[in-house]
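Below, chain A is the first sequence line, B the second, and so on; all start at residue 1.
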Number of protein chains: 2
Amino acid sequence: MANIRDIAKHADVSVTTVSRVINAHPYVSDEKRERVQRAMKELGYLRNQQALTLSTGRTQRFVVVLPYMDHPYYGLFVNGLAKAALGKDYRLVMWQTEYRLDQERQALDLLKHREVDGAIVLSHTMTFEEMETYRAYGPISVATVGAPETISSVHVDHYTAFQTGLRVLTEAGYEDVGIVLSRPDSPSSIVRQQAYFDEVASARERWVYSGYLTSEDGKRLVSAFLSEQERPRALFFSSDYVALGFLGEATRSGLQVPHDIAVLGFDGHPIGQAFGLSTMRSPNEDIGRALFEATFQEMTGAPVVQESLTVTYLSGTTL
Amino acid sequence: MANIRDIAKHADVSVTTVSRVINAHPYVSDEKRERVQRAMKELGYLRNQQALTLSTGRTQRFVVVLPYMDHPYYGLFVNGLAKAALGKDYRLVMWQTEYRLDQERQALDLLKHREVDGAIVLSHTMTFEEMETYRAYGPISVATVGAPETISSVHVDHYTAFQTGLRVLTEAGYEDVGIVLSRPDSPSSIVRQQAYFDEVASARERWVYSGYLTSEDGKRLVSAFLSEQERPRALFFSSDYVALGFLGEATRSGLQVPHDIAVLGFDGHPIGQAFGLSTMRSPNEDIGRALFEATFQEMTGAPVVQESLTVTYLSGTTL
DNA sequence: TTGTACGCGTTATCAC
DNA sequence: GTGATAACGCGTACAA
């Protein structure tokens with residue numbers, strides 16, 4: 001565990017010279033550079049990242065804030081993030097919040113305590129107002145809509161996206177459509193519901209199914225659906241996983257898809273293809289990549305980014 | 001961005017006293033403690049984690065090494081890890097390797113450079129021999145079998161697990177069984193195949209399907225399966241996702257499951273339930289939790305842990 | 001009970 | 001080209 005001073009001593013130069021060699025700075029004679037490199041090799045020198053971090057003030061880390069690491073919905077985001085981070089020699093500290101406000105605060109506290117250089121928030125319950133109080137400690141980027149101008153955002157405009165999906169259903173001849181949302185009062189659920197009421201003539205309160213987050217929830221929805229006296233002819237889900245949970249259980253319950261009930265998912269997760277799930281493909285991996293870039297660039301003084309990406313219909317057999 | 005020295009000045013005490021207050025050490029008069037706390041509040045003191053880290057030599061971080069963050073197989077592991085880490089105020093740095101040796105090396109290099117306190121390796125292509133060369137720099141734990149005695153391991157014994165699964169199939173009356181493996185020469189694939197040859201009378205080389213990792217691979221397997229002249233009566237998959245990909249596509253191709261082909265998965269992923277997937281449940285979340293604990297305890301001098309957990313049959317309708 | 005002084009390992013500044 | 005030396009912000013002997 002030789003440090004820079006040991007190397008300096010061993011090569012009979014100053015620590016400054018060693019530092020110059022390490023960082024490939026100019027003004028080092030070939031001879032001394034040679035000596036230093038040999039000393040590093042001989043003593044097995046390994047630069048201590050902690051010390052570097054304290055000295056430079058940069059951690060080379062971002063914290064990624066998300067509700068559940070094991071929810072496949074976030075998989076593609078994280079994939080994009082990971083790839084971008086690798087290219088810039090950055091590390092990702094994952095922070096699972098389970099939608100708990102105190103956990104979101106703890107995650108952003110890392111910023112305050114100089115434990116990370118920035119934060120990438122994929123989903124949050126915290127208000128943007130509160131989030132802005134952390135902004136002074138480093139760049140923050142979100143994957144959600146409605147961010148103030150101090151916070152970078154790369155997201156899908158869920159109003160437009162849902163509008164598009166609902167029009168796909170309409171054009172396919174489905175008039176009585178229900179929608180299946182995750183947390184009822186999340187910003188994305190609110191605008192989705194708004195799009196639904198604005199777009200669908202037969203839209204009605206009771207065909208808004210809220211609180212469906214996982215494939216198990218989707219499975220559970222089947223019985224709720226079957227108990228309706230008057231059922232929609234199609235269901236538009238806000239997540240492929242919930243849609244698949246529903247699809248599997250519905251089929252097992254003897255429902256014919258799409259004859260009895262049509263299903264439209266949202267995400268474009270690969271596993272949906274195996275089951276022929278019709279879905280709206282969301283460019284989540286691109287979003288992950290762009291979020292990383294935005295956060296990274298902001299550190300070098302680049303302005304806040306606000307970008308909205310669009311979804312596309314991915315045809316399947318459940319519609 | 002007041003530091004400990006600013007607080008000391010403002011409260012008119014020494015930095016030692018401030019440090020004592022921060023760390024709740026004894027030997028501070030109530031009056032000075034009061035003054036320090038007020039100063040911290042007034043100046044908005046936030047302890048700098050980088051400096052603490054350099055001073056104490058502990059980062060409060062582990063690196064988690066895994067092939068793909070977005071592969072649902074790792075979801076439950078990571079969930080267990082995240083929960084355990086939260087309880088101990090540790091952070092998880094995720095490192096995605098895509099099974100690339102150089103990436104595994106980079107991940108473990110974090111250990112050498114004092115960027116993390118330990119490493120948790122969920123899957124690896126590196127030999128244990130090489131992995132041991134990193135052991136001097138911190139505790140390493142793996143979720144795979146066959147670790148040397150310097151490396152902690154909490155895993156499923158895939159030989160026994162596969163044996164159990166194969167017996168489930170036998171007892172259900174299936175004699176002609178095929179197996180579907182991930183990477184052909186991974187340690188787990190090798191022992192799984194061994195269990196297959198040892199356990200199944202009709203086992204044959206061509207009913208070993210290798211290279212199936214994702215749900216898309218499972219989907220792809222259907223055509224390979226259909227082109228066989230002599231087909232097995234049941235397929236035992238090494239992953240629920242691959243099994244589901246196969247199940248979806250097979251059903252869409254008109255195959256009756258389990259009449260034409262029975263399907264047994266491996267993992268116990270929630271989404272399998274919606275499709276009635278019969279599977280072997282692996283306690284991956286427990287493994288994640290135990291891996292964290294093992295790594296953590298080792299730092300305090302606890303001995304290396306080697307533990308093998310068992311899988312259980314989870315009944316479904318695909319068998 | 002309190003404070004001074006130093007170490008942790010690096011980079012940056014400035015004089016030579 | 002080169003090298004002292006001062007930061008960075010904390011914990012902690014050791015002295016008082």
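In this structure, the OH atom of Tyr27(B) is 14 Å from the P atom of dA13(D), given to the nearest Å. Here dC10(D) presents its C1' atom at 14 Å from NE2 of His113(A), a figure rounded to the nearest Å. Between the CZ atom of Arg33(A) and the C1' atom of dG1(D) there is a distance of 11 Å, given to the nearest Å. For the pair Leu52(A) CG and dT11(C) P, the interatomic distance rounds to 5 Å; values are reported in whole Å. Between Lys9(B) atom NZ and dG9(D) atom P the separation is 12 Å, expressed in whole Å. Atoms CZ (Arg5(B)) and P (dA7(D)) sit 9 Å apart, rounded to a whole Å. Rounded to whole Å, the distance from NZ on Lys112(B) to P on dG9(C) is 18 Å. At whole-Å resolution of the value, CD in Glu115(B) and P in dT10(C) are 13 Å apart.
Distance check: Leu81(A) CG to Asn284(A) CG gives 10.5 Å after rounding to the nearest 0.5 Å.
A centroid separation of less than 6.0 Å is found between the aromatic rings of Phe296(A) and Tyr90(A). You'll find the ring centres of Tyr68(A) and Tyr74(A) outside the 6.0 Å limit.
One finds no side-chain N or O of Ser55(A) lying less than 4.0 angstrom from the OP1 or OP2 phosphate oxygen of dC8(D). For the OP1/OP2 pair of dG11(D) and a distance below 4.0 Å, the side-chain nitrogens and oxygens of Arg47(B) include at least one atom meeting the criterion. Remark: Thr17(B) is in phosphate contact with dG3(C), judged by side-chain N or O atoms under 4.0 Å from OP1 or OP2. Contact between the side-chain N/O atoms of Tyr45(B) and the OP1/OP2 oxygens of dC10(D) is found at a separation under 4.0 Å. Proximity of Thr56(A) to the phosphate of dA12(C): no side-chain N or O atom is located under 4.0 Å from OP1 or OP2. Put simply, Asn3(A) has no side-chain N or O that comes within less than 4.0 Å of OP1 or OP2 on dC8(C).
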Problem set entry | Full working for side-chain contact (heavy atoms from CB on, under 4.5 Å) between Met131(A) and Ile140(A) | CA-CA 8 Å; Met131(A) 200 182 285; Ile140(A) 303 179; 4.0 Å; yes

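Remark: the backbone N or O of Met126(B) is paired with a side-chain donor or acceptor of Glu104(B) at under 3.5 angstrom.
At a threshold of 4.0 angstrom between heavy atoms, the contacts of Thr16(B) include nucleobase atoms, whether or not backbone atoms are also involved. Val15(B) comes within 4.0 angstrom of a nucleotide base, judged by non-hydrogen atoms across all strands.
Remark on DNA chain C: of its neighbouring residues Ser29(B) and Ala51(B), the 5'-side contact belongs to Ser29(B), judged by nearest-heavy-atom nucleotide.
Applying the 3.5 Å distance criterion, the base of dG3(D) shares a donor-acceptor pair with the side chain of Arg20(A). The base of dT12(D) does not come close enough to the side chain of Ser19(B) for any donor and acceptor atom to sit less than 3.5 Å apart.
Among dG1(D), dC10(D), dG9(D), the nucleotide with an atom closest to any side-chain atom of Ile4(B) is dC10(D).
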